[in-house]
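Numbers restart at 1 for each chain; the letters A, B, ... are given by sequence-line order, proteins then strands.
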There are 2 protein chains.
Amino acid sequence: MRLFDGGRAPNPRRTRIFLAEKGIDVPLEPVDMAGLGHREEPVASRNPLKRLPVLELDDGTILTESIAICRYFEALHPEPPLFGQSPLEIARVEMWNRRLELGLFNAVASAFRHTHPAMAEWEVPQIAAWGEANRPKALAFLEFFDEHLATSRFAAGDTFSVADITGLVAVDFMKPAKIAMPDGLSHLGRWYEEVAARPSAKA
Amino acid sequence: MRLFDGGRAPNPRRTRIFLAEKGIDVPLEPVDMAGLGHREEPVASRNPLKRLPVLELDDGTILTESIAICRYFEALHPEPPLFGQSPLEIARVEMWNRRLELGLFNAVASAFRHTHPAMAEWEVPQIAAWGEANRPKALAFLEFFDEHLATSRFAAGDTFSVADITGLVAVDFMKPAKIAMPDGLSHLGRWYEEVAARPSAKA
């Protein structure tokens, strides 16, 4: 088994943090995304969508999409559960993971990809107005998330989950996307401090 | 329990098709999305993100995000499984559901929301160039999906899954988004005929 990894890019990082939380060691195959290595072999034939991460099993089976790879390991190694256990927990983790993806992760990524000069070759056509439109969307979501965290220790309740991983990676990606953290979001600050201090955050 | 429903909008339809496949009867509360009813009560206080569907349980618990609601019912009523059963099936369903969401569903929705005059009040700012940029993205994904379907009966393998629901709803939403189905995608046509003929597709 090996995981084709994309270094600092946010989706590969989600999978690495997830594996670190699970304590699962998967050999990494680093791909130089800055040099567009994900558009060439050995990635392109394994994932025609030319995105990372890509997991290759020993029999050659390919799995792509960071959260799909996470679910594979969750099913093989249920402890600690990072996608919830009861029907309501499972639904809440999915709800908050998706809210954080749609409202924050994707907004931050769109701001980055559509306004950063280095992304002109990645995002074709690069549409600056769309990138700019995503900054206030991300900020509005952060206010909503801050209010939620006033009464919730983690994104989906009392237990750390994959939704926190999505949130952490999205917040950390605000810096390259040139979105400044607004002042006064104290619950968000408390949450960020806790999740960023976990050893997995360095993965 | 009641499900606040958004009629023809694609995400509410995903949840209705899922419930029909499961044979689960949930009372619907129709919301007039064309009249922006999802921005008012009774939706706005239940989902501050002002999106549908919204599931309200008997104790007042709220679940949002179409796929999170689907996972809740999958956990309560595992048969027939629509998110896979083995670790590899679970990962493949998630992979194809996400590929179809990112590559097709979101592209078609962006084309619709950013170019349709009726959406100017929904999507602020409406950026026509971004809407237009999504049409070729959707078409490129359809070619990729067609190739996949040459050797796969359904999106994620031999068994109908939530990924097929996402694909069906996305393809049907191409019409209002003014994206014409390209000629010559015979595997896609064969797949569409089969999934659209299921009784659930009328939900």
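- More than 12 non-hydrogen atoms from other residues, nucleotides or ligands lie less than 6.0 angstrom from CZ of A:R39.
- There is no side-chain donor-acceptor pair under 3.5 Å between B:T64 and A:R98.
- With sequence neighbours excluded, the residues that form a ring-ring contact (aromatic ring centres under 6.0 Å, His included) with B:F112 are B:H116, B:F173.
- Remark: A:D5 engages A:R16 in a side-chain hydrogen bond (donor to acceptor under 3.5 Å, both in side chains) (not counting sequence neighbours).
- Within the 4.5 angstrom heavy-atom criterion, only side-chain atoms of A:E123, from C-beta onward, approach chain B.
- With a threshold of 4.5 angstrom between heavy atoms, A:S86 does not approach chain B through any atom at all.
- Counting heavy-atom pairs closer than 4.5 Å to chain B, the top-ranked of the candidates A:A140, A:P125, A:P48 is A:P48.
- Only the backbone of B:V124 comes within less than 4.5 Å of a heavy atom of chain A; no side-chain atom from C-beta onward does.
- In this structure, the side chains of A:E132 and B:I127 stay at 4.5 Å or more apart for every pair of heavy atoms.
- Contact count versus chain A (heavy atoms, under 4.5 Å) is highest, among B:L88, B:L57, B:L76, for B:L88.
- Of all the heavy atoms in A:N47 and B:R99, the pair that sits closest is OD1-NH2, 3.0 Å.
- Taking the six-membered ring where tryptophan is involved, the planes of B:W130 and A:W130 are essentially parallel, since the angle between them stays under 30° and well short of 60°.
- In the displayed structure, B:E121 atom CD is contacted under 6.0 Å by at most 12 heavy atoms of other residues, nucleotides or ligands.
- Of all heavy-atom pairs between B:Y72 and A:A91, the closest is CB-CB, 3.7 Å.
- Of all heavy-atom pairs spanning B:I90 and A:R71, the tightest one is CG2-CB, 4.1 Å.
- Nearest heavy-atom pair, A:R92 versus B:T61, reported as atom, atom and distance to 0.1 Å: NH2-CG2, 3.6 Å.
- Contacts between residues 142-170 of chain A and chain B, defined by a heavy-atom separation under 4.5 Å, are made by A:F144.
- Around the CD atom of B:E41, the shell of radius 6.0 Å holds more than 12 heavy atoms that belong to other residues, nucleotides or ligands.
- Only the side chain of B:L102 comes within contact range of chain A, with at least one heavy atom under 4.5 Å from a heavy atom of that chain.
- Listed by chain and number, the residues in a side-chain hydrogen bond (donor to acceptor under 3.5 Å, both in side chains) with B:E56 are B:R2, B:R46 (sequence neighbours excluded).
- Neither the backbone nor the side chain of A:Q126 comes within contact range of chain B, judged by heavy atoms closer than 4.5 Å.
- Side-chain contact between A:E94 and B:I69 is absent, with no heavy-atom pair separated by less than 4.5 Å.
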